[in-house]
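Here's the structure we're looking at; comments come further down.
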There are 2 protein chains.
Amino acid sequence: MHTVKQVEDNRQEVKRNFIAYLEKMNQRKTPERFAILDEIYMNEIYLDKKHFDAESLFLHMKNNNYRVSRATVYNTLDLLVECGLVTKHQFGENITKYEAGLGNKQHDHLICNKCNKVLEFCDPRIQQIKNMMGELLHFEITHHSLHLFGDPKLDANGKCIACEKEVK
Amino acid sequence: MHTVKQVEDNRQEVKRNFIAYLEKMNQRKTPERFAILDEIYMNEIYLDKKHFDAESLFLHMKNNNYRVSRATVYNTLDLLVECGLVTKHQFGENITKYEAGLGNKQHDHLICNKCNKVLEFCDPRIQQIKNMMGELLHFEITHHSLHLFGDPKLDANGKCIACEKEVK
DNA sequence: ATAGTTGCAAAAGCTTTGCAGTATG
DNA sequence: CATACTGCAAAGCTTTTGCAACTAT
């Protein structure tokens, strides 16, 4: 995903997906819904904000003078999750994050205990565990969630290596 | 854990652990704290309620006419989690559950897509993943959560092998 | 036209906090 | 007796809901 054309192609594909879903479910194609999708999409592409929460999304739109309500943000996020354009993660007690992206490579998450920053990683062993435990316990494993939580190691200046900020 | 003696021995060991922790941390040994520990302990042993939430614990004590506040319940649960006598699980958006048990072998959960039954399993590879990813991403991994979700395989009569019930 | 959507604010649900009173060490 | 802990209620936070107004179809 690099050239302007590729970005635009992806943008169109995501939008087509959403429209198809809305039509299938007899849901209206309101400007708010597309504005929210655009916002998420823009964040991912241009700001590299892959994980975000509902409140930030809402505030960001408000700050850009787009008139939208929290209720609509939550409602639209639900729709996007249902149609697979967005994934919802429960990273902690009160830390629900959404992840933009269509057909991302399977990955798991490491969450920083100090700042809640989310890092991603892949490990083939998790697939092996799924296979083995499915067999052993007589289940067809459909999906999983694996979160690691940890304290960041600090550099010589006491800054978190991961987020490059001071850690108390 | 079967005979009366074993139950009592375990009860005493759990209590000793808590006392040791409180003393180490210069925390007071208040009756409320022990009452809460007892309540959790009793639930596990006699009611087989391994997973519980803060509110039920609070209500159960209230109903038994023990004067205690939510604040104290939450405070004490934190202490018990810190000293390892209780584990805290995030099973969903607003589903925080605590799990009683001293030195339970580290385990993860497989959740049935059909009936939400929770099975437990252990796999040493998860520890290896934690070690490797902590190293790789510069974190000291403190804990993790791994949930597998799956559809149960059925026996000849169409019953779930895991829960032995009919599955639609 | 007409039902699905929206914005707003209030409510809900779980957890934490502030404070005055209590009891542990 | 000093101060950590407690109960209570109020406040916090994120998410949901109720309702009148609006709008996509």
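Per chain, numbering begins at 1; letters A, B, ... match sequence-line order.
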[N] [atom2] sits how many Å from [X] [atom1], rounded?
{"X": "B/Arg67", "N": "D/dC5", "atom1": "CZ", "atom2": "P", "result": "18 Å"}
{"X": "A/Leu22", "N": "D/dT25", "atom1": "CG", "atom2": "P", "result": "9 Å"}
{"X": "A/Ile95", "N": "C/dC14", "atom1": "CD1", "atom2": "P", "result": "18 Å"}
{"X": "A/Phe34", "N": "D/dT23", "atom1": "CZ", "atom2": "P", "result": "17 Å"}
{"X": "A/Arg33", "N": "D/dC22", "atom1": "CZ", "atom2": "P", "result": "19 Å"}
{"X": "B/Leu77", "N": "C/dC14", "atom1": "CG", "atom2": "C1'", "result": "13 Å"}
{"X": "B/Met25", "N": "D/dC5", "atom1": "CE", "atom2": "P", "result": "11 Å"}
{"X": "B/Leu59", "N": "C/dG13", "atom1": "CG", "atom2": "C1'", "result": "13 Å"}

Only one of A/Leu119, A/Asp151, A/Leu148 clears side chain to side chain contact (heavy atoms under 4.5 Å, CB included) with B/Phe139; which?
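Checked A/Leu119, A/Asp151, A/Leu148 against B/Phe139; only one passes side chain to side chain contact (heavy atoms under 4.5 Å, CB included): A/Leu119.
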
Which letters describe nucleotides 15-25 of chain C, given B = protein heavy atom under 4.0 Å from base, S = only from sugar-phosphate, - = neither?
BBB-----BBS

Where B/Lys88 and B/Tyr98 come nearest, the two heavy atoms and their spacing
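That closest heavy-atom pairing would be CE-OH, 3.6 Å.
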
Is any side-chain N or O of A/Lys62 closer than 4.0 Å to OP1 or OP2 of C/dG7?
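For A/Lys62, the contact criterion (side-chain N or O under 4.0 Å from OP1 or OP2 of C/dG7) is not met.
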
Mind grabbing the angle between the end helix axes of the helix from C/dA1-D/dT25 to C/dG25-D/dC1? Five pairs an end, 10° rounding.
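Taking the rotation axis at each end, their angle is 30°.
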
Ignoring hydrogens and angles, write down the donor-acceptor pairs under 3.5 Å from the side chains of residues 72-87 of chain B, residues two or more places apart or on other chains.
unit_1	atom_1	unit_2	atom_2	d
B/Thr72	OG1	B/Ser69	OG	3.1
B/Thr76	OG1	B/Thr72	O	2.8
B/Glu82	OE1	B/Tyr21	OH	2.7

Counting neighbours of [atom1] on [X] that are heavy atoms of other residues, nucleotides or ligands and sit closer than 6.0 Å, is the number greater than 12?
{"X": "A/Glu140", "atom1": "CD", "answer": "no"}
{"X": "B/Glu135", "atom1": "CD", "answer": "no"}
{"X": "B/Glu120", "atom1": "CD", "answer": "yes"}

Side chain to side chain contact (heavy atoms under 4.5 Å, CB included), that's the test. Do A/Met61 and A/Glu32 meet it? Break it down for me.
CA-CA 10 Å; A/Met61 296 187 78; A/Glu32 289 82 3; over 6 Å; no

Check the side chains of B/Gln6 and B/Asn10 for a donor-acceptor pair under 3.5 angstrom, ignoring hydrogens and angles.
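B/Gln6 and B/Asn10 do not have a side-chain donor-acceptor pair below 3.5 Å.
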
Below 30° counts as parallel, above 60° as perpendicular, anything between as tilted: where do the rings of A/His89 and A/His109 land?
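Answer is perpendicular, since the angle exceeds 60°.
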
